[in-house]
**Q** 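I'd like to ask you about the structure that follows.
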Amino acid sequence: MTASLPLFSPDAPEEGATGAPSGHEPQGLLRGLNPEQLAAVTLPAKSALILAGAGSGKTRVLTTRIAWLIQTGQLTPGGVMAVTFTNKAAKEMLTRLGAMLPVPVRGMWVGTFHGLCNRFLRAHWKLANLPQGFQILDSSDQLSAVKRIIKAMNLDDERFVPKQVTWFIAGSKEEGLRPKDVDVRDEQSRVMVQVYQAYEEQCQREGVVDFAELMLRTYELLRDNVALREHYQRRFRHILVDEFQDTNRLQYAWLKMFTGPQTAVMAVGDDDQSIYAFRGAQVGNMTAFEREFGVEQVIKLERNYRSYGNILDAANELISHNTNRLGKNLSTEAGPGEPVRVFEATSDFSEAQWFVDEARQLHRDGMARSDIALLYRSNAQSRVIESALFNAGMPYKVYGGLRFFERAEVKHALSYLRLIENPNDDTSFLRVVNFPTRGIGTRTLELLQDAARASGRSLSQSVTAVPGKGGSNLQAFVALIDAMREATKGLNLRQIIEHMLHESGLLDFYKTDKEGQDRIENLEELVNAAEAFVTQEGFGKDAVALPIDEHAGAIAEGLPKAVASVDLTPDAETGEIMSPLAAFLTHASLEAGDNQAQAGQDAIQLMTVHSAKGLEFDAVFITGLEEGLFPHENSVSDVDGLEEERRLMYVAITRARKRLYLSFSQTRMLHGQTRYNIKSRFFDELPESALRWLTPRNQGFGSGFAREYQSAWAKGSGLGSIVGAGNVAPRNAPASGPVTKSSHGLRVGQSVFHTRFGEGVLVTLEGTGDDARAQVNFGRHGMKWLALSVAKLTPIE
DNA sequence: AGACCTAGTATTTTT
DNA sequence: TACTAGGTCT
């Protein structure tokens, strides 16, 4: 790492990433944890709530806890479930666990809510009343499915806007409501429920499930099947949930289904970072959890290892304006650092120009472009910035565009593959039946859909019912798909895809298309993705997406006979429970992939505040801090909305490690009109002492200061390094060597009983004979050092 | 089938 | 402004 300016001193150890793996012995794992982290990691096996502030090492706590429990023999890998929201977070956990544990992460249920549901339903497809190779609809598939229904039911799509209907369906499912459970108030909702009902029937007929269905099916199956529920409750001794503040009602209820009397659930979250209420997240789940899971003590992780003091002061002060918080204050030992810089621009254009200049300077002074991030409230704001960066010739990367598996050509290819796997997938059928064109027009398709509806069969099964030219074209299409299915039998995944790309005519189509080159590249990339998925490495690394439980057999064994054996029906020939193609298709729906493949480039990062959550950068620019934009005008009318905007701002601020810039503009082009804005109210909620205005305050309009902003590089700010702020080893890591067993017959990880403090877990053992001491985590009573010659510790089994 | 035109609409988003 | 969906015309 290079460093010239003090500002660019070697990075503080990132949360959990300190140095080499600490050796595969229990106490080594705990080295470098601060007291609160240590307490959380070694908590007795009871449900616990961890309030983890931004940058407080939450992922480290989560992974270390799992590793520690396993290494001390309190838990087997098969007894763990760790749930996250994103594939990225799940992968991160697996990677870290892999580094910490000598044993591979086999059999551990680490994944996203949806990924784990998929895994569960694959194992119990029969009980869940699903076809064995059921496929998953992504949001756009779902939308087109709803559109078809609205059309079929002859409804006015202005009264029943497909997108809104989609929300209604997903929303109902997330409340755990089937069509029969939904409250019907008026005509509108009555019809909505009918659409919901029809949608369900259609999905069931086609053998597909949407995201919410994955959750709901799993929940219902566990709720209704006592034997199965008890089996899983016994199996998972420890369940850990990341980003708990983002869970919705269904996810909470789902979690309860997995939780038995012996299950310890550790919920980790931060109410101040709850920014997804708009899509159903219930922050209230945190307090509900505390109450309903009998949490005895809440551990707060408030030590921040990411940012300098001024940045944290700004964050703390801002968020203190919210009510109904669980209460938390971030602190650092890194010193105040530089002030937060504030810039007022005359126009969005000059704001962009200022940013480009500033970023260029940072880069010249040694900061990697990828360590510089520009955040905005809404995607539309990126445009001006992009054009400024483009003109300046600075590489940048915008997050949030189309993801790989969502690109049109990729979706087309996937539709062909799905049809090979399941000809009754009408969504896929309609997507590609006339792409490339095969003389199958709207009229023909109407006839086909009518016929299918009348007979209750799939489109593919109904092609013979359509007369004339259209009918024979349809039959030719079905024959094409059938031929592909035949021809690809026994081929590997790569060969299947290549065959399909040629036979479908997709490749030829894009070859003649003038802008087809990129698309062909994407299709080649699809082949690569499949290859990567299949290879040993891909399967191993990608265990998140691995649809089949490696221990499916083991599950079956442990289950009561009545529910077990029927569910895992391997292919008679190959013995596979699921074909590689089906597995790959599942992977494609569950993980949309990166949004831009241009990896390797050192580029400035542009994204919304929402997508910045969980990330961190040396320098962060929060732009467009204007009333109406941030906070957004649609949110300011009610208190809840405003508080969520404030949390959003809090998330944005806490992304910054070393330097934070806030900017706003007097005017801005929005929807083709110039808007005159006043600065965000959030400026009034920041501590003046932590700010430095780069432009004069209370600047009136039109005073034309154009570019006379003072360079942010005003004289060396003489910062010390942030080194030392890292997870400095507290006193719990004695050099006396790993003592895991002693003459007392106690070992680390063991549960013990103390007459005064009750039940606890042994965290450290050191010294011998009369000198022997033990560190014990008594949960509610805290962490204690006890002299073994005095304290009476009784081992519990 | 495909080019062309018009009107309507514009937070935040993962799975 | 800039995109989409949908309609109409060739």
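Note: hydrogens, waters and symmetry copies are ignored here, and every other heavy atom, side chains too, is used. Here is the naming used below: chain letters follow the sequence lines, and residue numbers restart at 1 for every chain.
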**Q** What pairs with Tyr650(A) under ring pair (Phe, Tyr, Trp, His ring centres under 6.0 Å), at least two apart in sequence or on another chain?
**A**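 Tyr650(A): no ring pair (Phe, Tyr, Trp, His ring centres under 6.0 Å) contacts found.
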
**Q** Apply side chain to side chain donor-acceptor pair (under 3.5 Å) to Ser663(A) and list each qualifying residue two or more places apart in sequence or on a separate chain.
**A**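 In terms of side chain to side chain donor-acceptor pair (under 3.5 Å), with neighbours along the sequence ignored, Ser663(A) is linked to Glu351(A).
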
**Q** Starting at the 5' end of nucleotides 9-15 of chain B, put B wherever the base has a protein heavy atom under 4.0 Å, S where only the sugar-phosphate does, and a dash everywhere else.
**A** -BBBBBB

**Q** Taking protein heavy atoms under 4.0 Å as touching, what does nucleotides 1-6 of chain B look like 5' to 3' if B marks base contact, S marks sugar-phosphate-only contact and - marks none?
**A** SS----

**Q** Taking the chi torsion of dT11(B), is it syn (within 90° of 0) or anti (everything else)?
**A**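 Glycosidic conformation of dT11(B): syn.
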
**Q** Go through the structure and list residues passing ring pair (Phe, Tyr, Trp, His ring centres under 6.0 Å) with Phe617(A), not counting sequence neighbours.
**A**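 Counting only residues at least two positions away or on another chain, Phe617(A) forms no ring pair (Phe, Tyr, Trp, His ring centres under 6.0 Å).
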
**Q** Mind jotting down which residue pairs meet the salt bridge (Lys or Arg N to Asp or Glu O under 4.0 Å) criterion with at least one end in residues 143-155 of chain A? Sequence neighbours excluded, please.
**A**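 Only Arg148(A)-Glu206(A) qualify under salt bridge (Lys or Arg N to Asp or Glu O under 4.0 Å).
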
**Q** Side chain to side chain donor-acceptor pair (under 3.5 Å) with Asp138(A): which residues, sequence neighbours excluded?
**A**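 Here the qualifying residues are Ser140(A), Lys411(A).
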
**Q** Output all residues satisfying side-chain contact (heavy atoms from CB on, under 4.5 Å) with Asp348(A), sequence neighbours left out; order by chain, then residue number.
**A**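 Asp348(A): side-chain contact (heavy atoms from CB on, under 4.5 Å) contacts with Val384(A), Arg668(A), Met669(A).
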
**Q** Keeping to residues at least two apart or across chains, list the side chain to side chain donor-acceptor pair (under 3.5 Å) pairs with something in residues 430-441 of chain A.
**A**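 The answer is Tyr416(A)-Arg438(A).
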
**Q** For the residue pair Gln381(A) and Ser378(A), confirm or rule out a side-chain donor-acceptor distance under 3.5 Å.
**A**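 Looking only at side-chain atoms, Ser378(A) and Gln381(A) do form a donor-acceptor pair, the distance falling under 3.5 Å.
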
**Q** Looking at residues at least two apart in the chain, or sitting in another chain, which of them share a side-chain contact (heavy atoms from CB on, under 4.5 Å) with Asn129(A)?
**A**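 Once residues adjacent in sequence are excluded, the partners of Asn129(A) under the side-chain contact (heavy atoms from CB on, under 4.5 Å) criterion are Gln204(A), Arg217(A).
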
**Q** Summarise protein proximity over nucleotides 2-10 of chain C in one line of letters, 5' to 3': B for base, S for sugar-phosphate only, - for none, counting protein heavy atoms closer than 4.0 Å.
**A** SS-------

**Q** Going by the rule side-chain contact (heavy atoms from CB on, under 4.5 Å), which residues pair with Arg159(A) if we only count those two or more places apart in sequence or in a different chain?
**A**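 Only Asp156(A), Glu187(A), Gln188(A) meet the side-chain contact (heavy atoms from CB on, under 4.5 Å) criterion with Arg159(A).
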
